[in-house]
Amino acid sequence: MSGRLGKWLFVLFLVLLALYSSYPPVRVALKKARVVYKSADDPQEAKEHGVNPGEIYLVEEKEALSRFLPLAPGERSEEVEITWREGRDGAVEVVRKEMVHATGRIKLGLDLAGGTELLYELKLREGQKSRDVVDETIKILGQRIDPQNVKEFRIQPMGSNRILIQVPRAGRGEVERLKDRLVRMGLLEFKLAMPRGDYPTEYEKAEKGQDVIGADGKKYEKVYMDDDESKPFYLVREGEPAITGEYLERVNPARDERGRPAVGFRFDIRGRRTFASVTERNRGWLLAIILDEVLKSAPVIQTRIGGTGIIEGDFTSDEVDELVTILRAGSLPVDLELRQESTVDPELGRDSIRSGL
């Protein structure tokens with residue numbers, strides 16, 4: 001009798017161990033919080049909240065969800081989203097959203113978890129080897145999809161020139177942002193541009209639609225800031241860039257001199273040498289910073305630059321985060337074309353799980 005009881009206790013232990021190791025079976029939200037800050041641009045407002053003019057103060061702190069799962073052995077994933085909003089009066093509002101999830105122990109497919117499936121075709125160029133390009137593209141896209149290694153996704157080759165991406169539990173807004181992030185080349189270029197004050201005749205020629213040839217014998221093209229003809233244009237040297245994002249060592253969110261969102265960067269050793277040499281020899285000229293063939297800024301080279309700087313532009317904080325993710329992953333070796341997109345509603349997956357239970 002005692003032997004049979006011991007056997008049943010052992011079986012019960014195995015069952016409980018199996019249940020414990022698979023708990024929670026799917027991802028569970030543990031915490032959702034929202035904190036709002038606001039800048040005190042008015043002296044009276046700053047005095048009321050005990051801060052200096054221009055500093056931010058706490059407006060609201062709200063915890064929408066707090067759940068404790070003491071027996072869950074699974075990993076926790078933390079997601080923080082920070083949004084900067086500038087009002088008409090110039091005041092800045094900062095919204096911080098924090099979410100903590102217990103990672104599900106059972107990896108559900110799209111049919112149960114819901115999500116989106118994207119099929120991309122690679123536009124190979126002449127001379128490119130299909131296998132090498134596919135492998136490199138998969139690596140870069142994986143870093144763009146999940147730079148912090150906290151999301152569940154699947155990316156795999158389909159044939160010789162297609163890639164399939166499956167992203168569970170992705171909402172429509174997240175999918176649209178992801179699609180934009182995936183297809184961007186992420187090509188960062190630095191080119192020299194003529195300073196307007198030193199070359200007024202050349203700028204007048206460009207205004208009239210005439211070709212501009214510099215004293216160096218190089219051709220200079222008329223390029224509008226942000227590709228917007230309502231903004232100023234610059235005469236940018238055609239041909240190979242002085243340096244590219246290939247030599248980037250670090251990319252991070254930053255702020256410009258006026259406190260606006262910007263992208264900070266630092267080159268590696270080779271890049272720093274090249275960048276220092278270019279800026280040393282071209283003081284007084286403009287350094288055109290071009291991202292995906294769009295001119296973002298053209299600061300004056302005032303001194304020799306050792307290899308760090310910022311990319312200014314009319315960016316939001318979300319756009320800066322996107323650019324940082326793209327530049328960190330590196331530029332794509334080919335263009336991508338979306339061939340097929342399919343979405344499974346998470347509600348269908350939940351109904352399937354309930355039916356199975």
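As the structure is a computational prediction, the values presented were derived from the model and not from experiment. Scope of the values below: all heavy atoms of this structure, side chains included, with no hydrogens, waters or symmetry mates.
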**Student:** Does Arg196 count as lying over the ring of Phe233, i.e. NZ or CZ under 6.0 Å from the six-ring centre, within 45 degrees of the axis?
**Tutor:** yes

**Student:** Any donor and acceptor pair, going by atom type alone, linking the side chain of Thr244 with main-chain N or O of Glu246 inside 3.5 Å?
**Tutor:** yes

**Student:** Can you tell me if Lys222 has over 12 outside heavy atoms packed within less than 6.0 Å of its NZ?
**Tutor:** yes

**Student:** Please report the closest heavy-atom contact between Ile305 and Thr279, naming both atoms and the distance.
**Tutor:** N-OG1, 2.9 Å

**Student:** Applying side chain to side chain contact (heavy atoms under 4.5 Å, CB included), run through Thr137 and Leu336 and close with a yes or a no.
**Tutor:** CA-CA 10 Å; Thr137 302; Leu336 299 180; 4.2 Å; yes

**Student:** Could you check whether Ser230 and Asp228, counting side-chain N and O atoms only, form a donor-acceptor pair closer than 3.5 Å?
**Tutor:** yes

**Student:** Can you check side chain to side chain contact (heavy atoms under 4.5 Å, CB included) on Ile163 and Ile138, steps first, answer last?
**Tutor:** CA-CA 8 Å; Ile163 291 176; Ile138 286 178; 3.6 Å; yes

**Student:** Show your working on side chain to side chain contact (heavy atoms under 4.5 Å, CB included) between Val263 and Lys296 and close with a plain yes or no.
**Tutor:** CA-CA 11 Å; Val263 178; Lys296 304 307 296 184; over 6 Å; no

**Student:** Would a distance-only check, ignoring hydrogens and angles, find a side-chain to backbone donor-acceptor pair under 3.5 Å from Arg272 to Phe267?
**Tutor:** yes

**Student:** So, Tyr57 versus Glu45: side-chain donor-acceptor pair below 3.5 Å or not?
**Tutor:** yes

**Student:** Restricting to ring-ring contact (aromatic ring centres under 6.0 Å, His included), what partner residues turn up for Tyr247, sequence neighbours left out?
**Tutor:** none

**Student:** Between Lys123 and Glu337, is the side chain to side chain contact (heavy atoms under 4.5 Å, CB included) condition met? List the steps.
**Tutor:** CA-CA 7 Å; Lys123 298 298 182 180; Glu337 181 179 345; 2.7 Å; yes

**Student:** Treating Ser130 as the side-chain partner and Ser160 as the backbone partner, does any N or O pair qualify as donor plus acceptor under 3.5 Å?
**Tutor:** yes

**Student:** Any chance you could lay out the salt bridge (Lys or Arg N to Asp or Glu O under 4.0 Å) test for Glu341 and Lys179, step after step, and finish with the verdict?
**Tutor:** CA-CA 10 Å; Glu341 177 180 353; Lys179 285 161 58 178; 2.9 Å; yes

**Student:** Give me the atom names and distance for the closest heavy-atom approach of Ile310 to Ala254.
**Tutor:** CG2-CB, 4.2 Å

**Student:** Mark yes or no for whether Lys191, through its side chain, and Gly239, through its backbone, hold a donor-acceptor pair below 3.5 Å.
**Tutor:** yes

**Student:** Between the main-chain N or O of Asp321 and the side-chain N or O of Thr325, is there a donor-acceptor pair closer than 3.5 Å?
**Tutor:** yes

**Student:** Could you walk me through whether Asp135 and Arg131 pass salt bridge (Lys or Arg N to Asp or Glu O under 4.0 Å), step by step?
**Tutor:** CA-CA 6 Å; Asp135 290 344; Arg131 182 65 183 176; 3.5 Å; yes

**Student:** Answer yes or no: is there a donor N or O on one side and an acceptor on the other, between the side chain of Glu202 and the main chain of Tyr220, under 3.5 Å?
**Tutor:** no

**Student:** Considering non-hydrogen atoms only, spot the tightest contact between Leu286 and Ala298 and give its length.
**Tutor:** CD2-O, 3.8 Å

**Student:** Is the side chain of Arg328 donor-acceptor paired with the backbone N or O of Val251 at a distance under 3.5 Å, no angle test?
**Tutor:** yes

**Student:** So, Arg144 side chain and Leu182 main chain: donor-acceptor pair closer than 3.5 Å or not?
**Tutor:** yes

